[in-house]
Amino acid sequence: MIKVLKFGGTSVGSAKNMKMVANIVTAEKATVTVLSAMSGTTDSLVRISALSVQEGKSAEIAETIQMLRDKYSTCIAELLDSHKAEATAKMESVLELIAKESADFKEYTSERLILSQGELLTSAIFSMYMQEAGYKTVLLNAPDFMHTDEEQKVDTTFLEANVKNLVNNKDTFYITQGFICTNYRGEIDNLGRGGSDYSAALIGGALNADEVQVWTDIDGMHNNDPRVVEGTYPIRKMSFDEAAELAYFGAKILHPATIQPCKDKGIPVFLKNTMDPAAEGTKISSEDDNSRTFHAVAAKDGITVIRIYSTRMLMAYGFLRKVFEVFEKYRTPIDMITTAEVSVSLTVDNTKHLEEIEEELKAFGKIEVEQNNTIVCLVGNLEHSQKGLAATIMNSIQNIPLKMISYGASHRSIAMLVETQYKKEIMQSMNDKLFGENNHA
Ligand code: ADP
Ligand code: ASP
Ligand code: MG
């Protein structure tokens with residue numbers, strides 16, 4: 001049985017937690033263990049990179065590096081015995097590299113190199129612990145097999161060919177880094193924040209694994225965002241499509257790209273709690289749960305609406321194509337879209353090229369741009385044939401002003417756009433009114 005297990009930042013966040021991780025890895029007989037950096041590391045590394053391009057920040061940079069030193073030294077002291085000196089030397093070389101890159105900051109490469117150090121150090125420490133505990137352990141360097149192309153897409157053919165050769169011994173525990181990769185220029189890069197989940201799914205897919213397990217700090221996918229809403233509960237099983245939709249629309253527990261490689265190969269994904277391994281967690285597979293109408297809610301912040309008013313749209317064909325071409329040119333994905341007779345509203349979360357897009361769209365008519373919005377997405381069995389569904393949903397949120405509604409593209413979800421100030425209220429309101437006691441799994 002091939003199992004790929006991934007552990008997030010909190011799961012490897014201290015010596016005590018790393019010991020729990022080792023227990024899980026060995027009890028599950030994990031084939032490959034994919035690790036994030038210890039919690040807080042990547043945030044610190046992002047901070048160091050940001051400070052590096054500012055004047056007069058060397059004291060703050062040194063302070064942040066010292067914070068990392070304290071964190072990792074404590075972990076090494078509590079976790080390791082015979083490998084203490086080796087781990088400390090590794091940590092010091094990592095911190096030295098970070099300080100050096102920060103002092104001589106090169107625009108494209110330095111941030112990526114700095115960001116990769118958390119996963120590299122954490123996985124090195126954990127693999128030393130596994131060796132001390134007497135397990136046959138091999139530490140794999142993820143950038144050797146995780147390669148991305150110019151479009152930042154992972155080369156799955158290369159991954160498959162290489163990872164299969166590396167993972168070839170049944171009684172060995174293979175440990176590797178999530179998040180990091182090699183880009184098309186041959187430099188170290190990453191798959192985006194929270195990308196370790198995606199790494200694990202890709203490795204699972206490449207190995208044709210029997211299962212992928214994502215171990216984190218909560219007992220599975222909840223029906224609503226527990227950081228925002230009170231009274232959420234774990235969902236026992238959900239389909240790949242639902243999980244993908246929730247991840248895409250902001251359920252932080254999974255990186256948005258995680259589901260696809262597993263869905264492609266039919267590999268179930270289990271979401272489990274490192275702090276409570278006995279808790280059932282969530283099984284994500286091709287099986288649908290048809291017993292309930294409403295399954296879960298997720299929200300995505302930082303959404304910008306672009307409204308285009310154009311009389312040229314009236315009865316015209318080809319208008320939307322021209323609009324879409326502008327977004328395509330600037331590689332900006334559109335999340336939601338609604339159309340009326342002489343206007344179209346679109347939402348984007350990537351505003352890198354907003355000014356250029358706005359400028360080009362002006363050729364079509366009047367443009368309005370509104371920032372600070374949130375998409376709230378409700379997933380479930382929202383069949384088109386069901387009567388009264390829209391009324392039930394709208395009744396549950398009657399006090400909240402809605403800016404856009406999108407339903408009909410799939411029978412699995414309805415998305416609503418609100419100003420971010422209403423996010424908590426709309427999510428709590430749905431939770432209270434659509435997810436009563438009877439709706440629990
Ligand atoms: P890790 O570091 O293990 O990758 P993350 O912080 O990325 O963990 O993801 C786990 C967190 O996701 C949880 O602690 C929880 O606060 C948050 N979260 C947001 N939405 C959900 C949801 N629907 N179900 C479960 N957790 C969620
Ligand atoms: N350490 C990386 C991050 O914080 C990747 C991950 O945790 O998945 O974004
Ligand atoms: Mg995560």
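Ligands are counted one by one from 1 in listed order, and the atoms in each one are counted from 1 as well.
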Lys/Arg N to Asp/Glu carboxylate O, K272 vs E280, below 4.0 Å: no
Ligand 1 N/O within reach of S11 N/O, cut-off under 3.5 Å: no
Heavy atom of G195, distance to ligand 2 below 4.0 Å: yes
For atom 7 (O) of ligand 2, the protein heavy atom that lies nearest, with its residue and separation: S36 OG, 3.3 Å
Under 3.5 Å donor-acceptor, N223 side chain and Y233 backbone: yes
Atom 17 (C) of ligand 1 [closest protein heavy-atom partner, distance rounded to 0.1 Å]: R227 NE, 4.0 Å
Non-hydrogen atom of A296 closer than 4.0 Å to ligand 1: no
Ligand 1 versus I218: contacting region, heavy-atom distance under 4.0 Å: side chain
Residue E119 vicinity, atoms of ligand 2 by number, heavy atom under 4.0 Å: 1 (N), 2 (C), 5 (C)
Distance filter under 4.0 Å to D225 heavy atoms, resulting ligand 1 atoms: 19 (C), 20 (N)
Aromatic plane relationship, W215 with F7 - under 30° parallel, 30 to 60° tilted, over 60° perpendicular: parallel
Interfacing atoms of ligand 2 (cut-off 4.0 Å, heavy-atom, R193): 3 (C), 4 (O), 9 (O)
For atom 6 (C) of ligand 2, the protein heavy atom that lies nearest, with its residue and separation: S196 OG, 3.3 Å
For atom 23 (N) of ligand 1, the protein heavy atom that lies nearest, with its residue and separation: H222 O, 3.2 Å
Face-on cation placement of R112 at Y108 ring, 6.0 Å and 45° thresholds: yes
Min N/O separation K6 to ligand 1 under 3.5 Å: yes
Cation over ring face, K300 and Y248, 6.0 Å, 45°: yes
Ligand 1 contact on N224 by region, counting heavy-atom pairs under 4.0 Å: backbone
Under 3.5 Å donor-acceptor, E187 side chain and N183 backbone: no
Closest protein heavy atom (residue, atom, distance) for atom 8 (O) of ligand 1: T216 OG1, 3.1 Å
Ligand 2 to G194 polar contact by distance, N or O atoms, under 3.5 Å: yes
Electrostatic pair K252:D197 at N-O distance under 4.0 angstrom: no
Closest approach of any protein heavy atom to atom 5 (P) of ligand 1, naming residue and atom: K252 NZ, 3.8 Å
Element-labelled atoms of ligand 1 that are located less than 4.0 Å from some non-hydrogen atom of G220: 24 (N), 25 (C)
Plane angle bin for Y407 and H384 - parallel if under 30°, tilted between 30 and 60°, otherwise perpendicular: perpendicular
E119 (side chain) donor-acceptor with Q177 (main chain) under 3.5 angstrom: no
Salt-bridge present (K100, E96; N to O < 4.0 Å): no
Nearest-contact summary for atom 2 (O) of ligand 1 - protein heavy atom, Å: G9 N, 3.1 Å
Heteroatom proximity flag, V297 to ligand 1, N/O under 3.5 Å: no
Proximal ligand 2 atoms for T42, defined as those under 4.0 Å from one of its heavy atoms: 1 (N), 2 (C), 3 (C), 4 (O)
For ligand 2, the portion of H255 having any non-hydrogen atom under 4.0 Å away: neither
For ligand 1, the portion of P226 having any non-hydrogen atom under 4.0 Å away: side chain
Ion pair check, K423 and D225, cut-off under 4.0 Å: no
NZ (K153) with more than 12 external heavy atoms under 6.0 Å: no
Salt-bridge present (K263, D241; N to O < 4.0 Å): yes
Within 45° cone and under 6.0 Å: R292 NZ/CZ vs F435 ring: no
Proximal candidate to atom 13 (C) of ligand 1 [heavy atom criterion; set I253, V229, D217]: D217
Mode of M221 contact toward ligand 1 - side chain, backbone, both, neither (heavy atoms, under 4.0 Å): both
